[in-house]
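Below: one structure, written as structure tokens.
Letters A, B, ... are given to chains in the order of the sequence lines, protein chains preceding strands, and every chain is numbered from 1.
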Amino acid sequence: MKGSFYTLCYAAVLGGVCALLLTATSNFTGPYKQANAKAEEVLNILSVLGVPFDVDASGERLVEVFNANVREKSQGDMKLYFYRPSGGKAEVVAVEFSGAGLWGPVKGLLSLESDMKTIRGVTFYEHEETPGLGGEISSDWFQGQFVGKTVVDDAGKAGIFIKRGADKSASNEVDAITGATMTCDKIETMLNKTVARIVKGRVENGQ
Amino acid sequence: MANKQQPSNCSSCGSGGMCQGRGLVTLKDGVWSNNPLAIQILGICSALAVTNRLENSLVMGAALVFVCVGSNLFVSLLRKVTPHRIRMIAEVAIIATFVIIFDQFLKAFYWDMSKQLGPYVGLIITNCIIMGRAEAFALRNPPLLSIVDGVANGIGYAVVLALIGFFRELLGTGAVMGYVLLDGAWYEPNQLMILAPGAFFAMGIIVAVFNALKGPDVEGKR
């Protein structure tokens, strides 16, 4: 009995100390993590919209650039980001999307030109895919493929496809990642859903 | 129970060499003759998963050194007061604390790398090297020697990881940490090395080389 009591006390103290250490660490790193997250969010939106900024800029500077150039607007449950490129007449738009990846949620941003068909940029900024395989969705070569593609085919049918051995000349096909078929399928669905939502939102707004 | 078997009289560290010569033996054991990855084949899950880039391997190695040293130190410090029945739970609690601390710091100051490694830093909690060292070494040995053991095994793991990472990145992409070593003009990067099978090949070759260099296993002499 005495032994059990000691064991309980020991477990409680050890657990308490560990919890205390973790809380302290979490408190200490909290502001840095938040700043990282904010800077990254802003950086993602700026890059996908193609807003010019200094790549070495600090997180605070990025937030300034963001506030000066980008207009936020909620449309239904979507958050839209508008930006007017210098010399451009119409605004380009970016929208956040998210969905299930292979191992966990994937979050990203899709930016469309003012024609609302041509992709200006795509970025997957948060995912838990396998590093080196599905994780490649956040690499430049993969995301870069989307630029200039359209979310409809030449006949006007909606859909963007991520395929093995994609036809480079097709306006709505990009290459899939070797070894990450499941991830690619899932993000393909995600992108198409996002496009559908944008179209739906525009129809409802009578645009 | 464990502390009764304590073989060494290492309490007089500082007078002569580290832990009366056992420090060096411990160091050599962990890094070379009893290398956790190449000889004991422990903890290879992470070794296979994160080694497609040298940088990832290095950070992962650093994580393991940190956690192994920390957990060995505290398990060793607490070895005389830890109730035997719950010692493994206590070990896991200590290990988890260090892993999460490392993960938090990575997230705060090395954001990109944290994203690259994904869940594998957190999975160090279940790495059997760390648990194994706590059980097999830190429970029976004094703190300072346990630190040496932690460093040795951490480095042993990190070195093997770095080797695998170096060759996989080199053969898989032609470049290492941004430096192009195998020119794309004549070298066709072998995707296989980046993929999972490449990890098994690299791991197998490294285990073979380690064993060949080390000579016949000690068991043979027994």
Side-chain angles (χ1 to χ4, degrees), chain A residues 2-41 43-44 59 101-104 106-107 124-139 141 177-180, chain B residues 46 48-53 55-57 60 70 74-75 78 81-87 89-122 165 168-169 172-173 191-199:
Chain A
K2 206 181 166 191
S4 303
F5 182 69
Y6 174 74
T7 305
L8 272 178
C9 287
Y10 177 87
V13 170
L14 183 68
V17 171
C18 289
L20 215 65
L21 273 174
L22 292 182
T23 315
T25 316
S26 177
N27 274 346
F28 173 71
T29 55
Y32 296 98
K33 280 189 290 180
Q34 262 172 23
N36 279 342
K38 178 71 187 163
E40 180 158 295
E41 186 193 339
L43 177 71
N44 287 329
L102 182 57
W103 301 124
V106 173
K107 290 184 184 172
F124 302 94
Y125 58 84
E126 194 181 314
H127 64 78
E128 293 168 17
E129 306 309 289
T130 320
L133 296 174
E136 289 289 303
I137 55 173
S138 56
S139 66
W141 75 262
I177 301 162
T178 313
Chain B
S46 57
L48 298 170
V50 302
T51 48
N52 45 22
R53 290 219 176 85
E55 209 184 351
N56 296 4
S57 308
M60 198 67 185
F74 280 88
V75 169
L78 295 173
V81 294
T82 305
H84 189 66
R85 263 186 300 170
I86 60 159
R87 69 185 197 288
I89 299 173
E91 285 160 17
V92 173
I94 294 169
I95 293 167
T97 307
F98 280 101
V99 170
I100 297 173
I101 289 176
F102 189 89
D103 196 30
Q104 296 279 312
F105 273 86
L106 212 56
K107 283 199 173 105
F109 301 111
Y110 209 175
W111 180 255
D112 293 332
M113 180 48 69
S114 169
K115 283 197 305 182
Q116 272 286 317
L117 290 176
Y120 290 103
V121 174
R168 283 184 72 192
E169 188 175 355
T173 66
Q191 278 265 319
L192 184 69
M193 291 308 288
I194 296 289
L195 301 177

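Contact annotation for A:E126: neither backbone nor side-chain heavy atoms come within less than 4.5 Å of a heavy atom of chain B. Using a 4.5 Å cut-off between heavy atoms, B:I89 makes no contact with chain A at all. In this structure, chain A has heavy atoms under 4.5 Å from both the backbone and the side chain of B:I101. Contact annotation for B:Y120: only side-chain heavy atoms (C-beta onward) come within less than 4.5 Å of a heavy atom of chain A.
Contact count versus chain A (heavy atoms, under 4.5 Å) is highest, among B:A93, B:P119, B:A108, for B:A108. In terms of non-hydrogen atom pairs under 4.5 Å with chain A, the most contact-rich of B:T82, B:N52, B:I100, B:L195 is B:T82. Among A:L22, A:L21, A:V17, the residue with the largest count of heavy-atom pairs under 4.5 Å with chain B is A:L22.
Put simply, the side chain of A:Y6 reaches to within 4.5 Å of the side chain of B:V81, judged on heavy atoms. Residues B:R53 and B:Q116 have side chains in contact (heavy-atom distance under 4.5 Å, counting atoms from C-beta outward). Side-chain contact check for B:I86 versus A:L14: every heavy-atom pair is 4.5 Å or farther apart. The closest side-chain heavy-atom distance from B:Q104 to A:F28 is not below 4.5 Å. Annotation: side chain of A:E129 is in contact with side chain of A:V106 (closest heavy-atom distance under 4.5 Å).
Between A:Y32 and B:F105, the distance from one ring center to the other does not fall under 6.0 angstrom.
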